[in-house]
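Position 1 is the first residue of the sequence, and the numbers go up from there.
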Amino acid sequence: MGDEVDGVPGIQHLVPGFGRRTALKLLKKHGSLENLLNAASVRTVGRQYAQEALTKYADYLRRNYEVLALRRDVDVYLQEEWLLERDTSNDANVLSNFFRLLEETNKSTRESRSNFSNG
């Protein structure tokens, strides 16, 4: 199905009519995307438009799946202090100062580039 928020378009953008219901029905029947794509490569798994889409866009679907899959082989170490609630009363001031610093840095960078290109 892709992920609109992450900017990964799904098959429905390539094949009108291949929507959420079709995808869920086929995935439920075959258990996984890889099983579905493997089955589609050797036999008919659904209506003609779905069959053609699965065979034509198999690599695209595998790549999207890989991009959107959460990594489970990464060791994550958390320190307990990171999970404790902290005082947020000063956040507005800190952010305001940070944005002011960024603005000054950008202005300085633009002036430097202008002086360099004119000099």
Side-chain angles (χ1 to χ4, degrees):
M1 293 303 304
D3 189 325
E4 297 290 329
V5 174
D6 289 331
V8 180
I11 196 168
Q12 68 275 18
H13 294 287
L14 302 170
V15 182
F18 199 121
R20 183 177 198 79
R21 285 190 313 200
T22 303
L24 290 174
K25 176 183 166 188
L26 292 171
L27 286 170
K28 186 176 181 179
K29 180 178 179 182
H30 294 278
S32 72
L33 177 63
E34 195 58 37
N35 288 346
L36 172 59
L37 295 175
N38 287 337
S41 70
V42 294
R43 69 178 192 281
T44 302
V45 295
R47 293 191 175 164
Q48 187 64 32
Y49 74 92
Q51 180 70 30
E52 289 173 2
L54 290 170
T55 53
K56 182 176 181 178
Y57 297 110
D59 290 338
Y60 173 85
L61 294 168
R62 285 185 178 102
R63 186 175 54 250
N64 276 6
Y65 182 81
E66 187 177 328
V67 166
L68 295 172
L70 295 176
R71 298 283 309 262
R72 291 182 169 86
D73 62 343
V74 177
D75 292 329
V76 177
Y77 300 99
L78 298 175
Q79 294 183 11
E80 189 174 339
E81 65 188 53
W82 298 346
L83 305 175
L84 299 175
E85 194 168 330
R86 65 178 187 78
D87 179 16
T88 60
S89 61
N90 195 32
D91 284 359
N93 290 334
V94 171
L95 280 173
S96 180
N97 290 337
F98 175 70
F99 287 129
R100 191 176 307 110
L101 177 65
L102 280 178
E103 197 172 286
E104 290 170 4
T105 302
N106 284 339
K107 183 179 178 182
S108 173
T109 301
R110 283 192 304 269
E111 288 173 358
S112 294
R113 286 182 181 159
S114 176
N115 289 338
F116 179 76
S117 65
N118 291 333

Quiz item: How many angstroms lie between CZ in R62 and CD in E66, if you round to the nearest 0.5 Å?
Solution: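 Output value for this atom pair is 11.0 Å.
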Self-check item: Euclidean distance, E34 CD relative to L61 CG, rounded to 0.5 Å
Solution: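 One gets 10.5 Å once the value is rounded to the nearest 0.5 Å.
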Keeping the roles fixed (side chain from [X], backbone from [Y]), state whether a donor-acceptor pair exists under 3.5 Å.
X: T55; Y: Q51; result: yes
X: S96; Y: A92; result: no
X: S32; Y: N35; result: yes

Quiz item: Between R86 and E81, does a salt bridge (charged side-chain N to carboxylate O under 4.0 Å, His left out) hold up when you go through it step by step?
Solution: CA-CA 9 Å; R86 65 178 187 78; E81 65 188 53; over 6 Å; no
Quiz item: side-chain contact (heavy atoms from CB on, under 4.5 Å) between N97 and L101: does it pass, once the steps are laid out?
Solution: CA-CA 6 Å; N97 290 337; L101 177 65; over 6 Å; no
Let me check something: do [X] and [Y] share a hydrophobic cluster, defined by ILVMFWY side-chain heavy atoms less than 4.5 Å apart, either directly or through other members?
X: L102; Y: L95; value: yes
X: Y60; Y: V67; value: no
X: L70; Y: V8; value: no
X: L27; Y: L68; value: no
X: V45; Y: L24; value: no

Taking all non-hydrogen atoms of both residues into account, name the closest pair between [X] and [Y] and its distance.
X: A50; Y: T22; answer: CB-CG2, 4.3 Å
X: L37; Y: A58; answer: CD1-O, 3.8 Å
X: Y77; Y: W82; answer: O-CZ3, 3.3 Å

Quiz item: Any chance CD of E103 has more than 12 other-residue heavy atoms, nucleotides or ligands included, within less than 6.0 Å?
Solution: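 Counting other residues, nucleotides and ligands, CD of E103 stays at 12 neighbours or fewer.
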Quiz prompt | Within 6.0 angstrom of R47 CZ, more than 12 heavy atoms from elsewhere | solution =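 At most 12 heavy atoms, drawn from other residues, nucleotides or ligands, come within 6.0 Å of this atom.
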Quiz item: What do the steps show when you test L26 against F18 for side-chain contact (heavy atoms from CB on, under 4.5 Å), and what is the final call?
Solution: CA-CA 11 Å; L26 292 171; F18 199 121; 4.1 Å; yes
